[in-house]
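Here, residue 1 is the first one in the sequence, and each next residue gets the next number. Just so you know, ligand 1 is whichever comes first in the structure, and atom 1 is the first atom listed for that ligand.
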Amino acid sequence: MGNVYVLDHPLIQHKLTYIRKKSTGTKEFRELVDEVAGLMAFEITRDLPVEEITIDTPVTQAKTKTLSGKKIGLVPILRAGLGMVDGILSLIPAAKVGHVGLYRDPETLKPVEYYIKLPSDIEERELIVIDPMLATGGSANDAIHSLKKRGAKNIKLMCLIAAPEGVEVIKEEHPDVDIYLASLDEKLDEKGYIVPGLGDAGDRLFGTK
Ligand SMILES: O=P(O)(O)OC[C@H]1O[C@H](OP(=O)(O)OP(=O)(O)O)[C@H](O)[C@@H]1O
Ligand SMILES: O=c1cc[nH]c(=O)[nH]1
Ligand SMILES: [Mg+2]
């Protein structure tokens with residue numbers, strides 16, 4: 001069964017508080033989402049393999065560590081997942097980026113896929129699917145099925161905020177996928193919004209609505 005990790009680092013939790021606040025405007029919201037995504041990536045990449053190499057420092061020779069070349073792919077779910085990409089790329093600049101376009105039908109709450117473009121070697125990459133919100137779980141579930149159908153074998157899911165309902169769907173459907181969150185919130189409301197949540201992540205990031 002996949003593990004669920006809530007990253008309770010004080011900096012992540014502090015910034016998440018300001019992301020949640022209704023009074024936080026688009027510019028600050030966007031900056032904070034990127035910063036939290038970077039901090040989360042720092043935690044998620046803790047298990048990246050390293051190898052020892054020998055280098056010359058100005059003083060002497062030293063055996064030191066370097067990343068041993070695990071290939072990473074980021075897969076933001078459009079639109080809101082885009083808000084987390086740059087923060088992660090600032091730490092892992094060599095990562096390739098695929099895109100899955102999905103929106104949640106406001107009536108049925110079912111996801112509708114409208115776009116997909118992925119790196120050609122996804123089967124060799126560790127993929128991190130990113131989306132600020134895991135609500136009913138429909139969008140992330142569909143995105144992960146789409147990636148697996150195209151050969152992806154190693155997938156992690158990274159979201160800012162999740163509802164218990166969404167976490168259960170991913171655990172059921174994708175027991176091989178570990179989930180990384182900044183917060184596991186209380187519940188969904190009758191419109192499928194996460195409570196207490198942060199509202200509509202895409203609208204707050206892009207200033208629509
Ligand atoms: O877990 P779910 O119930 O599927 O809901 C979560 C999805 O809803 C939001 O996207 P939205 O449909 O608002 O699209 P947008 O990013 O284009 O605003 C969010 O960014 C997730 O992708
Ligand atoms: O609370 C929610 C649920 C789905 N999508 C959002 O952007 N926010
Ligand atoms: Mg939206």
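Distance from atom 13 (O) of ligand 1 to its nearest protein heavy atom, with residue and atom name: D200 OD2, 4.0 Å. What sits closest to atom 6 (C) of ligand 1 on the protein, heavy atoms only, is M133 O, 3.6 Å. In terms of protein heavy-atom proximity, atom 2 (C) of ligand 2 is closest to Y193 CD2, 3.4 Å. In this structure, the protein non-hydrogen atom closest to atom 7 (C) of ligand 1 is S139 OG, 3.6 Å. Among protein heavy atoms, atom 3 (O) of ligand 1 sits closest to T136 OG1, 2.6 Å. Ranking protein heavy atoms by distance to atom 18 (O) of ligand 1, first place goes to R79 NH2, 2.9 Å.
One finds no salt bridge joining D200 and K191 here, because no Lys/Arg side-chain nitrogen approaches an Asp/Glu carboxylate oxygen to under 4.0 Å.
In this structure, of R104, K110, K209, the residue bringing a heavy atom nearest to atom 11 (P) of ligand 1 is R104. Here the shortest heavy-atom distance to atom 19 (C) of ligand 1, taken over V169, I77, D131, belongs to D131.
Between I72 and K96 the shortest side-chain heavy-atom distance does not fall below 4.5 Å.
Each of the atoms 1 (O), 2 (P), 3 (O) of ligand 1 lies under 4.0 Å from some heavy atom of G137. For ligand 2, the atoms closer than 4.0 angstrom to any heavy atom of G192 are 3 (C). Of all atoms in ligand 2, numbered sequentially from 1 with element shown, those under 4.0 Å from a heavy atom of G199 are 1 (O), 2 (C), 6 (C), 7 (O), 8 (N). The contact set between ligand 2 and R104, taken as ligand atoms under 4.0 Å from a residue heavy atom, comprises 3 (C), 4 (C). Here is the list of ligand 2 atoms found below 4.0 Å of a heavy atom in A201: 6 (C), 7 (O).
Minimum heavy-atom separation, P76 to G98: CD-O, 2.8 Å. Scanning both residues, D185 and I161, for their nearest heavy atoms gives OD2-CG2, 3.3 Å.
Checking only distances, A135 does come within under 3.5 Å of ligand 1, N or O to N or O. Among the atoms of I194, some N or O lies under 3.5 angstrom from an N or O of ligand 2.
Of all the N, O or S atoms in D200, the one closest to the Mg ion (ligand 3) is OD1.
Residue L78 places a heavy atom under 4.0 Å from ligand 1.
Residue contacts with ligand 2, taken as heavy atom pairs separated by less than 4.0 Å, involve A135 solely via side-chain atoms from C-beta onward.
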